[in-house]
Participant: 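Below are the structure tokens for one structure; questions will follow.
We're numbering straight along the sequence, starting at 1.
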Amino acid sequence: MTELAGPVDQEPVVGFPPLSTRARKREERRDRVYEAAIGLFVEQGFDATSMEDIAARAGLARATVFNHFARKGLFLEEWALRRRQRAARATGRFDPSVLPLREVLERYFAALAAVNLETRTETKAMMPASLKSTDVFLDHVLAKDLAALVEASGAALRPPSDPARVGRLLALGYYSAVVRWIDAEPAPFRLDEELSAVLEAVLRGALNSA
């Protein structure tokens, strides 16, 4: 059975009215298209899957697929976004300036490790294509998300460290760990422990209080 992460948010957003029937149906179709695509990418590979294949699997018209995802690469962006959103929810229920930066980032990395562990087969199929589509060495969105957490924490950093540098190093460490983790069967190490070690190594050099 294909491993799927499922819809991004199941809980209603406080302070906003519920979606209209039309909007809810649109979101359901989008999830249907997304899950069909991910299932096919896992089964036959990203490059070998066409938009026509996705439409057939989803049981929808080809035009409907393009209406939700105008190009195939957008599925990769959505896949990565859903994972980052899950990690963000692990840190989003409190003010990041209240807890030590190390604890904030530990929660974030633990959530990333958990979603990878739960969907290892999916990760093996999707991560190479995802990294190929976005250059992690230049301007990766995960690095920006991590840098924002560092900055919001108000933690004192040891020069020449700054939030952007710490974010880039942590993102590079994360992707290096995941790529090595999916490269062999069985998994050559525990991903959660490896990510914790990456975090400790970066913060030990970056924090004044480390």
Side-chain angles (χ1 to χ4, degrees), residues 3 5 8-9 73 76-210:
E3 297 167 324
V8 176
D9 289 309
L76 298 174
E77 294 180 17
E78 180 76 6
W79 180 78
L81 171 63
R82 291 184 180 217
R83 292 179 168 230
R84 295 197 317 278
Q85 287 179 328
R86 174 164 170 174
R89 288 197 295 273
T91 61
R93 294 186 174 90
F94 56 87
D95 184 342
S97 65
V98 172
L99 295 177
L101 176 60
R102 181 178 271 100
E103 184 172 342
V104 173
L105 293 176
E106 281 175 351
R107 293 187 183 198
Y108 193 97
F109 270 44
L112 286 176
V115 71
N116 281 292
L117 286 164
E118 291 167 15
T119 59
R120 178 174 165 82
T121 301
E122 182 184 305
T123 301
K124 289 183 68 174
M126 297 295 296
M127 186 62 78
S130 179
L131 290 177
K132 185 178 179 180
S133 71
T134 308
D135 195 338
V136 69
F137 293 105
L138 292 178
D139 192 29
H140 201 279
V141 67
L142 176 61
K144 292 181 179 179
D145 287 353
L146 291 166
L149 284 175
V150 175
E151 186 169 9
S153 75
L157 300 179
R158 180 183 299 135
S161 298
D162 59 32
R165 285 192 177 95
V166 173
R168 285 195 297 270
L169 286 172
L170 289 173
L172 288 168
Y174 166 75
Y175 284 116
S176 172
V178 173
V179 169
R180 289 182 288 110
W181 178 70
I182 62 176
D183 189 53
E185 289 292 350
F189 52 83
R190 283 188 51 171
L191 183 60
D192 56 342
E193 292 180 351
E194 181 66 15
L195 291 179
S196 181
V198 167
L199 178 61
E200 178 63 24
V202 173
L203 293 186
R204 185 170 292 278
L207 291 177
N208 266 332
S209 58

Participant: Main chain of Leu112, side chain of Asn116: is a donor-acceptor contact present, judged purely on distance under 3.5 Å?
Facilitator: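 Checking the backbone N and O of Leu112 against the side chain of Asn116, a donor-acceptor pair under 3.5 Å is found.
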
Participant: With no hydrogens and no angle check, do the side chains of Ser130 and Arg83 hold a donor and an acceptor under 3.5 Å apart?
Facilitator: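 Absent: no donor and acceptor within the cut-off.
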
Participant: How far apart are the closest heavy atoms of Ser153 and Leu101, and which atoms are they?
Facilitator: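 That would be OG-CD1, 3.7 Å.
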
Participant: Give me the atom names and distance for the closest heavy-atom approach of Ala129 to Leu76.
Facilitator: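 In terms of heavy atoms, the two residues are closest at O-CD1, 3.5 Å.
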
Participant: Where is the tightest heavy-atom contact between Arg180 and Glu194, given as atom of each residue plus distance?
Facilitator: NH2-OE2, 3.0 Å

Participant: Any donor and acceptor pair, going by atom type alone, linking the side chain of Thr134 with main-chain N or O of Leu131 inside 3.5 Å?
Facilitator: no

Participant: Is a donor on one side and an acceptor on the other found under 3.5 Å between the side chain of Thr119 and the backbone of Val115?
Facilitator: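 At least one qualifying donor-acceptor pair exists.
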
Participant: Quick check: do Leu172 and Phe137 have side-chain heavy atoms less than 4.5 Å from each other?
Facilitator: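 In short, these two side chains touch, coming nearer than 4.5 Å.
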
Participant: Holding to salt bridge (Lys or Arg N to Asp or Glu O under 4.0 Å), I want the full list of residues that pass it with Arg168, two or more places apart in sequence or in another chain.
Facilitator: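 Salt bridge (Lys or Arg N to Asp or Glu O under 4.0 Å) list for Arg168, sorted by chain: empty.
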
Participant: What I'd like to find out is whether the side chain of Phe109 reaches to under 4.5 Å of the side chain of Leu146, using heavy atoms alone.
Facilitator: yes

Participant: To check you understand the geometry: which heavy-atom pair defines the closest contact between Met127 and Val179, and what is its length?
Facilitator: CG-CG2, 4.5 Å

Participant: Are Leu105 and Val202 packed together at the side-chain level, in the sense that at least one heavy-atom pair is separated by less than 4.5 angstrom?
Facilitator: no

Participant: Using every non-hydrogen atom in the two residues, find where Ala206 and Ser161 come nearest and quote the distance to one decimal.
Facilitator: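 Minimum heavy-atom contact is CA-OG, 3.5 Å.
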
Participant: I would like to know whether Asp135 and Asp139 meet side chain to side chain contact (heavy atoms under 4.5 Å, CB included); could you show each step before the answer?
Facilitator: CA-CA 7 Å; Asp135 195 338; Asp139 192 29; over 6 Å; no

Participant: To the nearest 0.5 angstrom, please state how far the CG atom of Leu195 sits from the CZ atom of Arg190.
Facilitator: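 Rounded to the nearest 0.5 Å, the CG-CZ separation comes out at 11.5 Å.
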
Participant: Short question: side chain of Arg84, backbone of Leu142 - any donor-acceptor pair under 3.5 Å?
Facilitator: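 Not confirmed, Arg84 side chain does not pair with Leu142 backbone.
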
Participant: Testing the basics here: between Trp181 and Arg120, what is the closest heavy-atom pair and its distance to 0.1 Å?
Facilitator: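 Nearest heavy atoms, Trp181 then Arg120: O-NH1, 2.9 Å.
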
Participant: Sub-3.5 Å donor-acceptor pair from the side chain of Arg158 to the main-chain atoms of Leu207, do we have one?
Facilitator: yes

Participant: Distance check, rounded to the nearest 0.5 Å: Leu203 atom CG versus Leu170 atom CG?
Facilitator: 6.0 Å

Participant: Do NZ/NE/NH1/NH2 and the carboxylate oxygens of Asp162 and Arg165 come within less than 4.0 Å?
Facilitator: yes

Participant: Evaluate the side-chain proximity of Val198 to Tyr174: yes if any heavy-atom separation is below 4.5 Å, no if none is.
Facilitator: no

